[in-house]
Amino acid sequence: MTGRPRAGEIGADPLPGMFAHAPVIFAALGGPTHLVEGANQAFYETVGVGRARDVLGRPVAEVVPELVHQGLLPMLDSVYLRGEPVVARTAGVLLGPVGRSRLRYFDFSFEPRRDRGGRVRGVAFLAVDVTRQRAAHKLAAEQQALLEQIARNAPLAEVLDGMCRAIEKLSPKVLSSVLLLDETGTRLLHGAAPSLPEFYNEAIDGCPIGPHEGSCGTAAFRREMVVVNDIATDPLWADYRELANRAGLGACWSSPIISNAGDLLGTFAMYHRTPRALREEDLDLSIVFTRTAALAIERHRTEAARQQAHEREHALSSDLEFVLRTSTAVSEEASYPQNLQRLARLAVPALGPVCVIDVLESGRVRRVAVAVAPELPQRVEALLAAEASAHAENGPVGRVLATGRSEIGHTAPGGAWQELGLDISGQVCVPLTARGRTFGALTLISTVDRPLGARAIALAEELARTAAAGAETTRQHAQRARLAHDLQAGLLLAALPEVPGARLAASYRPAGEGLDIGGDFYDVFALPGDWWGLVIGDVCGRGAYAATTTALVRNTARAVAPLLPTPGAVAEAVNEALLARPDSDESFVTLIYAELRRVRDGIAVSMVRAGHPPPLLHRADGTVTTPSPAGELLGVSPDLELTMESFTMRSGDHLVLVTDGILEARDPAGTLFGEDRLVSSLRPTAGTTDADQVLDAITAAVDGFAGGLTDDDQAALVLVAE
């Protein structure tokens, strides 16, 4: 069916249906004059046109003439002529006729519309009204400035005056005021109203609270917002109408200011000089600044009534900042136990002259951190660091570790503490607990001239509580990485053997942070008759299963190689061992197995390759070949087809074997390192007999390409003929 596009449609374009009822403003414009061919309801509402038939087929400059001189039409022309999209962020636009225009802010997107031949036939106009978001950002900034004033204990009058001025800056037609509840709870006193006439402020200062006392007195009486859109006709203003008329006030919306405890503190009012209905943005301002006023007034009343409470609040604020700063600093230390050592250093001298931290590891208590004030002798730190763990286990540390509860002592602790030469008056030992488990204890001492009060004890407990979670996570992370490293080391050679006539070099790098055991491995071992076995492989997967598979492959190869005649037979035996596992369908292995022996003119090599990345034979003259044909993966099929390759390496020749983690290393753009770059990294080493030099060239090239990061394990084995 054909015909003129209906509202919300653009011919065959699917976009109008998507945006017909969406809050996104959408219009499809056609031709060089930007005829409106379709638009959604949000577009009509924004431009103030209620019916699609009044818009469709007309140039947008006629529909919204106020856009002509605001820069939007040149943008549409540019998109139409150049065929390139244009985006504008937070663009201010005046909408509506002169005298009744309103400023709104939009994020615009102009996209070319093309016909089936690719020619631009119009422009798709998309806009999102961000006026409220922009206002919210400005509102948040003003509120933040007020909160900062409150936080630094600025006088209440200064805060309330700043709040009123902030509101009037955000909404220029508003006049604001704050009235404060008096001590009797029956009247409202002047708090702040920088833009209201002075005579008006004086007249309502001390006005009573009641059911018909204008907007403010009534809001305080009802304890709810009172909206008076027209003072001249509203009965609540009967006794104040003449005063409001003299002050030139036409509307007033007032909200009670309520404390967190539910107590009335005062009222916050927004006036307009002409009658006006409450809008959503006005309500936002009222809610935010009423809460801000409540915070300011509560803070002032607390300070005025109880200076001691103010000092305690200030101390608590300082303590919280210290705890947050210290906990953040500890969490930023990514290694264990260095994070606990940092915790101890930050606790001294803020909480006491000496701090030690003990942790429970493998059933024993170990001291991991000691910090002492700079003025104390250096021997103090050494004495405490060397304190026997048995003494700690039997003292307060052991009890805190067992109970998870703090222990406070009013006498000097025993052990190394007695040898410090300090006038110790007591100690506190607090638990380091995370996930319901107490794994350590932080101990502070007090001296005669630096007593350990309740505040310091509470602060130490809070600090230990907030820092413990991050420290324990890092500790477990370190233990896991160490375990993975130890297990991985057990699957690799501790040291490469000395092969007659050859030099060897090898490297292994785990993926990421090395928390899981990888499946890459290599091995070199002696065989009867002066032969040597050389193997490199990659087991599918990571973790414990990969580790057991790696061990199976290595052990099988070492066991059968002395008994079997060819490398192919050894690979077949490994394949049979993998297939014999009950869970053989869960993994596969890539492998290169070679046997080599020194001969008169170099090193004779026989090799098979089972699905592994090809080896590189780098001759002394610089040529590079891949001597071994590809074969099938191990652990997949019992019918294994492998081809053995034999060659001789002469002085200066290099045999380079790598796992796919090197070839598949990626740069930040996602490009693979690949075999060509591996070959290029070998060229400067042509003819050298230093295997480490060849290996360093490879690893340097990979690191330079990938930035030292890897998503996969990387193993490399280099054999150089002498």
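Throughout, numbering of the chain's residues begins at 1 and tracks the sequence.
Taking all atoms of both residues into account, the shortest heavy-atom contact from A464 to V430 is CB-CG2, 3.8 Å. For the residue pair A269 and C252, the shortest heavy atom distance occurs at CB-SG, 4.0 Å. Shortest non-hydrogen contact noted between L444 and A460 is CD1-CB, 3.7 Å. Taking all atoms of both residues into account, the shortest heavy-atom contact from T46 to F106 is CG2-CZ, 3.9 Å. Smallest separation of non-hydrogen atoms from C216 and L179: CB-CD1, 3.9 Å. In this structure, R301 and L181 approach most closely via the heavy-atom pair NH2-O, 2.7 Å.
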(request) Decide side-chain contact (heavy atoms from CB on, under 4.5 Å) for L126 and V24; before the verdict, give the C-alpha distance in whole Å, the side-chain angles of both, and the deciding distance to 0.1 Å. (result) CA-CA 7 Å; L126 285 157; V24 175; 3.6 Å; yes
(message) For a side-chain contact (heavy atoms from CB on, under 4.5 Å) check, start with the C-alpha distance between I258 and D263, then their side-chain angles and the critical distance, and finish with the verdict.
(response) CA-CA 5 Å; I258 306 295; D263 300 324; over 6 Å; no
(request) Would you check, one step at a time, whether the test side-chain contact (heavy atoms from CB on, under 4.5 Å) holds for I297 with I257? (result) CA-CA 9 Å; I297 297 168; I257 302 172; 3.9 Å; yes
(request) Show the numbers, then the answer: is there a side-chain contact (heavy atoms from CB on, under 4.5 Å) between V120 and L81? (result) CA-CA 8 Å; V120 176; L81 294 174; over 6 Å; no
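Look at E37 and R121 and you find a salt bridge, because one of the NZ, NE, NH1 or NH2 atoms lies within 4.0 Å of a carboxylate O, short of that distance. The existence of a salt bridge linking E462 and R465 is confirmed by a sub-4.0 Å separation between a basic side-chain nitrogen and an acidic carboxylate oxygen.
Between H34 and Y80, the ring planes lie perpendicular to each other; the angle is over 60°, past the 30° to 60° tilted range.
Taking 4.5 Å as the limit, some side-chain heavy atom of V63 sits within range of a side-chain heavy atom of R58. Between L196 and Y271, the closest side-chain pair of non-hydrogen atoms falls below 4.5 Å. Side-chain atoms of P85 and S109, non-hydrogen and from C-beta on, never get closer than 4.5 Å to each other. Between N229 and P275, the closest side-chain pair of non-hydrogen atoms is not below 4.5 Å. In this structure, the side chains of F439 and T433 stay at 4.5 Å or more apart for every pair of heavy atoms. Considering only heavy atoms from C-beta on, R273 comes within 4.5 Å of L175 through its side chain. Counting heavy atoms from C-beta outward, L243 and F199 have side chains that approach closer than 4.5 Å. Residues L94 and Q70 meet the side-chain proximity criterion, which asks for heavy atoms closer than 4.5 Å.
Note that OG of S215 and CD1 of I204 are 10.5 Å apart. Values are rounded to the nearest 0.5 Å. Rounding to the nearest 0.5 Å places CD of E213 at 12.0 Å from OG1 of T267. Interatomic distance, CG of L35 versus CG of L29, reported as 8.5 Å (0.5 Å rounding). Note: L189 CG to N201 CG = 12.5 Å, rounded to the nearest 0.5 Å. To the nearest 0.5 Å, atom CE of residue M163 and atom OG1 of residue T290 are 7.0 Å apart. Between atom CG of residue L463 and atom CG of residue L346 there is a gap of 8.0 Å, rounded to the nearest 0.5 Å.
Remark: R276 CZ is packed, more than 12 non-hydrogen atoms of other residues, nucleotides or ligands lying under 6.0 Å away. Atom CD of E148 sits in a crowded spot, with more than 12 heavy atoms from other residues, nucleotides or ligands closer than 6.0 Å. Within 6.0 Å of atom CZ in R405, 12 or fewer heavy atoms from other residues, nucleotides or ligands are found, so the atom counts as exposed in its surroundings. A 6.0 Å sphere centred on CZ of R223 holds more than 12 heavy atoms belonging to other residues, nucleotides or ligands.
Residues satisfying the salt bridge (Lys or Arg N to Asp or Glu O under 4.0 Å) criterion with D182, sequence neighbours excluded, are absent altogether.
A cation-pi contact, defined as under 6.0 Å to the ring centre and within 45° of the axis, is absent between R246 and Y200.
Proximity of a side-chain donor or acceptor of T33 to a complementary backbone N or O of P59 within less than 3.5 Å is not detected. A donor-acceptor contact shorter than 3.5 Å links the side chain of R241 to the backbone of A232. Under the 3.5 Å distance criterion, the side-chain polar atoms of N40 are matched with a main-chain donor or acceptor of F26. Although no hydrogens or angles enter the test, the distance criterion places no donor-acceptor pair under 3.5 Å between the side chain of D234 and the main chain of I231. In terms of modelled atom types and a separation under 3.5 Å, the side chain of S286 and the main chain of D282 share no donor-acceptor contact. The backbone N or O of G122 sits nowhere less than 3.5 Å from a side-chain atom of R113 that would complete a donor-acceptor pair. Side-chain N or O atoms of D107 include one that pairs as donor or acceptor with a backbone N or O of T90 at under 3.5 Å. Between the S78 side chain and the P74 main chain, no donor and acceptor come within less than 3.5 Å of each other.
Residue pairs meeting the ring pair (Phe, Tyr, Trp, His ring centres under 6.0 Å) criterion with at least one partner in residues 208-265, sequence neighbours excluded, are W253-H272.
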Please list every donor-acceptor pair under 3.5 Å in which a side-chain atom of residues 165-173 meets a protein atom from a residue at least two apart or in another chain.
unit_1	atom_1	unit_2	atom_2	d
R165	NE	D161	OD2	2.8
E168	OE1	S195	OG	2.6
E168	OE2	S176	N	3.0
E168	OE2	S176	OG	3.3
E168	OE2	S195	OG	3.4
K169	NZ	E142	OE2	2.7

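Side-chain atoms of S406 and E461 form a donor-acceptor pair, as typed in the model, at a separation below 3.5 Å.
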